[in-house]
Amino acid sequence: MSARAMRTARRARARAGTKAWDDGAETRANDGDDAGDDGAAASDGDDADDGKGRARAVNAFAVLLGSDDDDGVGDDDGVGGEDAAAADGTATATEREKARRGETEVRSMKKKKKRGGKKGGKARAEVEEEDLDALVREVTGMEVSATTRETRDAEATTTKTMALLAVDMRNMKAEDELKRIFGGRVINAVEAEETGKAGGRGAAFKAKIQRRCTFSPYRDQWASYRSEGLYMVTSGVVDGTSGMTEFSYAWKNDYVRANFDFEIAVGSHDPHRLFHVLQNYPWHLETLLRISELYHYSGQAQESSEVLERCLYACERAWHPNFISAASNGVAFLDSSKVENKPMFESLFRHTVALTRRGCHKTALECSKLLLGLDHTDPKGALCMISYFALRSQEERWLLDFIEVFGQKRWIDGEWITHGSLLTFPDFAYSKAMALYAVMDDVDVADAELLKAMLAFPYALTATMWKLEAAVSSDKEWQTILSHEHFDFSHRALDSRSLEHLCDVFAQRHHLLWRPDPILHWAKRVATRAIELVASKKPSPELDGRTAFDFKRTTMENWPSNPENAFAHLAVDDFADVVKRALPADDPLAAHPHGAVDAEFD
């Protein structure tokens with residue numbers, strides 16, 4: 001018989017011996033005393049014959065591992081079979097006892113984990129991560145690199161960014177917030193008075209349409225919808241880790257022809273020709289935006305808002321089936337540089353500003369999150385107003401998380417990149433202090449943040465107080481503060497035109513938040529302390545051991561001298577609650593002698 005055949009036979013006997021040993025262990029233990037001399041002799045004979053099988057049975061792990069260490073004389077003639085069986089039986093009992101103790105320890109650990117509940121969850125996660133790193137080192141012999149940890153941290157930050165920009169598309173209507181403020185009966189009565197009561201199948205159809213609308217209810221005076229050749233396409237998931245999905249609007253030939261007629265109407269300098277275009281293309285986005293703008297500058301705010309809602313409805317009807325789900329989770333990307341996508345950004349920005357003028361700050365916050373989430377480059381300046389909406393809607397906790405996370409990771413140019421802290425912008429430096437003032441029990445924390453903001457961006461406070469001239473002009477202490485060189489010369493000391501423009505936008509958008517008397521007293525107290533630190537020129541514990549000049553130097557490094565304004569596309573008046581009553585001087589329709597809009601359209 002060959003050596004391979006012999007090894008195969010021995011392994012077969014080992015398997016059979018394992019089963020026989022397990023099944024007969026208890027019987028042998030109970031019947032051992034009654035067997036007598038004959039039983040002992042028979043047992044000796046069995047041991048002589050089957051010693052090899054028993055020895056192999058208790059050494060089953062060696063068989064599984066393919067060990068041939070037992071292929072010597074002992075397996076052939078059975079010499080020492082009893083000793084081997086006894087020794088291996090003792091080892092087997094010891095191994096079984098260890099296994100039972102191990103299972104008991106595992107069950108004990110599970111019970112302790114259950115008793116722990118959520119308490120200490122973060123600590124357990126850190127311990128598990130350390131254990132995982134140790135396991136990787138033990139198995140592979142490789143050290144878990146710092147780059148791997150950084151990758152995990154970056155992925156966690158990306159997830160937080162998407163979570164902060166996630167929106168509920170079902171709560172984007174101003175009417176819903178107005179019902180929460182004034183009550184559903186009041187709003188329903190006003191709507192019934194304006195539009196008349198509808199009943200029967202028409203009312204049911206209207207209610208169904210309104211449920212499907214995202215930004216506003218469908219209005220009876222609107223024309224029947226047709227796409228005009230506008231639709232949305234998707235490039236699919238462009239980032240597998242985050243699930244970021246790219247979408248884009250697209251045009252058919254009908255929409256291209258409508259664009260051609262629109263350009264001719266604008267070039268004629270006659271506003272009324274836009275209404276003729278709208279009669280032929282009642283859902284053309286660019287035409288609706290221009291007519292809404294004309295209504296806005298002529299003081300017809302209600303008409304402007306309705307035309308804007310109609311434009312958003314047309315944008316919504318063209319959405320891709322997967323767009324709502326992606327936008328709700330903060331993973332929808334719409335390239336603002338493409339001309340097909342620009343009307344969506346423009347209409348959503350104007351709608352957001354109109355919402356806050358109506359007092360719907362919570363809805364405006366959700367719309368601004370959607371506007372920023374679609375393109376993190378922020379083409380319309382959502383970052384200049386999102387903190388205002390958060391503070392007005394009492395979402396201070398969300399704002400603090402947003403300031404901490406969003407600056408770390410943004411989706412720009414097809415990848416997640418680090419964009420720097422939001423605290424380098426005057427808007428968020430002051431807004432963080434106000435958020436802490438609202439939620440922290442220790443006012444010293446808010447004082448320290450506001451002090452840092454005043455030392456880094458003094459012109460932002462000066463411009464804000466200029467907007468509140470009626471409240472501070474009669475206060476001698478405020479006049480003393482604003483006449484100090486740190487604040488008085490802050491405007492002329494700015495060498496960055498971009499920073500100066502952002503301070504003007506901040507003052508225009510946020511000055512109403514600083515008008516209440518308690519806020520003014522708080523700002524006055526901290527500004528007085530800022531002047532003392534500027535004069536002392538010494539490090540302060542309030543400034544984390546830094547001096548007032550250190551903050552000025554940091555601002556100069558972040559905003560170097562540059563006469564060019566990188567934010568010139570953001571008009572200061574667009575962030576004001578007061579409506580400007582004249583078209584921009586460079587607008588083609590402003591030159592027409594009958595620039596006011598007095599036409600009606602269907």
Side-chain angles (χ1 to χ4, degrees), residues 146-147 149-165 239 241-242 244 330 333 336-337 368-369 371-388 390 398-436 448-460 494-506 509-510 543-544 546 549-570:
T147 304
R149 296 191 183 93
E150 292 176 358
T151 301
R152 289 202 298 262
D153 294 342
E155 291 178 355
T157 304
T158 299
T159 303
K160 292 179 181 178
T161 300
M162 295 184 298
L164 288 170
L165 294 178
D239 182 56
T241 303
S242 62
M244 185 66 70
F333 171 64
S336 60
S337 63
S368 61
K369 287 162 62 176
L371 180 62
L372 181 60
L374 291 178
D375 193 338
H376 292 182
T377 60
D378 193 22
K380 301 303 297 182
L383 286 173
C384 295
M385 55 185 182
I386 196 170
S387 60
Y388 173 80
W398 176 90
L399 178 60
L400 293 174
D401 293 338
F402 179 79
I403 293 174
E404 179 182 358
V405 173
F406 184 74
Q408 297 180 19
K409 285 293 180 180
R410 299 192 199 179
W411 179 259
I412 298 177
D413 295 332
E415 60 179 345
W416 291 96
I417 66 172
T418 302
H419 203 271
S421 174
L422 290 178
L423 295 178
T424 58
F425 293 86
D427 180 337
F428 291 100
Y430 282 89
S431 296
K432 180 181 180 180
M434 182 168 285
L436 291 173
E449 290 297 327
L450 184 58
L451 185 61
K452 295 174 184 177
M454 289 182 177
L455 293 175
F457 310 104
Y459 175 61
L494 281 178
D495 294 328
S496 173
R497 182 69 185 93
S498 299
L499 179 57
E500 179 184 358
H501 187 77
L502 288 178
C503 290
D504 290 333
V505 173
F506 166 76
R509 179 67 279 172
H510 288 70
L543 306 178
D544 301 328
R546 291 179 290 176
F549 182 76
D550 291 336
F551 287 88
K552 181 179 180 181
R553 182 172 56 244
T554 302
T555 302
M556 294 173 62
E557 293 174 355
N558 293 328
W559 300 93
S561 177
N562 191 348
E564 299 293 331
N565 184 8
F567 302 95
H569 61 285
L570 304 178

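Fair warning: this is a prediction, and the values are worked out from it, not measured in the lab.
- Contact annotation: the side chain of Asp544 approaches that of Lys452 to within less than 4.5 Å [non-hydrogen atoms, C-beta and beyond].
- Atom-to-atom distance recorded for Asp427:CG and Phe457:CZ is 10.0 Å, nearest 0.5 angstrom.
- In this structure, CG in Asp495 is found 12.0 Å from OG1 in Thr555, a value given to the nearest 0.5 Å.
- Residues Ile403 and Phe425 have side chains not in contact (no heavy-atom distance under 4.5 Å, counting atoms from C-beta outward).
- Between the NZ atom in Lys380 and the CE atom in Met385 there is a gap of 9.5 Å [rounded to 0.5 Å].
- Glu500 places no side-chain N or O within donor-acceptor distance of the main-chain N or O of Ser496, the cut-off being under 3.5 Å.
- With hydrogens and angles ignored, the 3.5 Å screen pairs a side-chain donor or acceptor of Asp378 with a backbone N or O of Gly381.
- A donor-acceptor distance shorter than 3.5 angstrom exists from the side chain of His376 to the backbone of Trp411, with no hydrogens or angles considered.
- Two residues are said to be in side-chain contact when any heavy atoms from C-beta on lie closer than 4.5 Å; Ser242 and Met162 meet this criterion.
- Nearest approach of Ser336 to Asp375, heavy atoms of both residues: OG-OD2, 2.6 Å.
- Here the closest non-hydrogen pair linking Leu570 and Pro379 is CD2-O, 4.2 Å.
- When the salt bridge (Lys or Arg N to Asp or Glu O under 4.0 Å) test is applied to Arg410, no partner is found at least two apart in sequence or on another chain.
- Take Asp550 and apply the side-chain hydrogen bond (donor to acceptor under 3.5 Å, both in side chains) test, not counting sequence neighbours, and it matches Thr547, Arg553.
- Nearest heavy-atom pair across Lys369 and Leu164 is CE-O, 3.3 Å.
- The CG atom of Leu455 sits 11.5 Å away from atom NZ of Lys552, with the distance rounded to the nearest 0.5 Å.
- When all heavy atoms of Phe428 and Leu423 are compared, the pair lying nearest together is O-CD2, 3.8 Å.
- By the 4.5 Å heavy-atom criterion applied to side chains, Phe333 and Leu374 are not counted as neighbours.
- If you take NE2 on His419 and OG1 on Thr377, they are separated by 8.5 Å, rounding to the nearest 0.5 Å.
- Trp416 pairs with exactly one of Asp239, Thr158, Thr161 by the side chain to side chain donor-acceptor pair (under 3.5 Å) rule, that one being Asp239.
- Side-chain contact between Met454 and Tyr430 is present, with at least one heavy-atom pair separated by less than 4.5 Å.
- The line from CZ of Arg497 to CG of Leu502 is 10.0 Å long, rounded to the nearest 0.5 Å.
- Ser368 contributes no side-chain N or O that, together with a main-chain N or O of Ala382, makes up a donor-acceptor pair within less than 3.5 Å.
- Thr418 places a side-chain heavy atom less than 4.5 Å from the side chain of Lys409.
- Residue Asp413 qualifies as open at atom CG: its count of foreign heavy atoms under 6.0 Å is 12 or below.
- Heavy atoms only, all atoms of each residue included: His510 and Ser387 are closest at NE2-OG, 2.9 Å.
- Nearest approach of Thr424 to Ser421, heavy atoms of both residues: OG1-O, 2.8 Å.
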Checklist line | Criterion side-chain hydrogen bond (donor to acceptor under 3.5 Å, both in side chains) on Asp504 and Tyr459, from CA distance to verdict | finding: CA-CA 9 Å; Asp504 290 333; Tyr459 175 61; 2.7 Å; yes

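- Note on ring orientation: taking the six-membered ring where Trp is involved, the planes of Phe402 and Phe406 are parallel (angle under 30°, cut-offs 30° and 60°).
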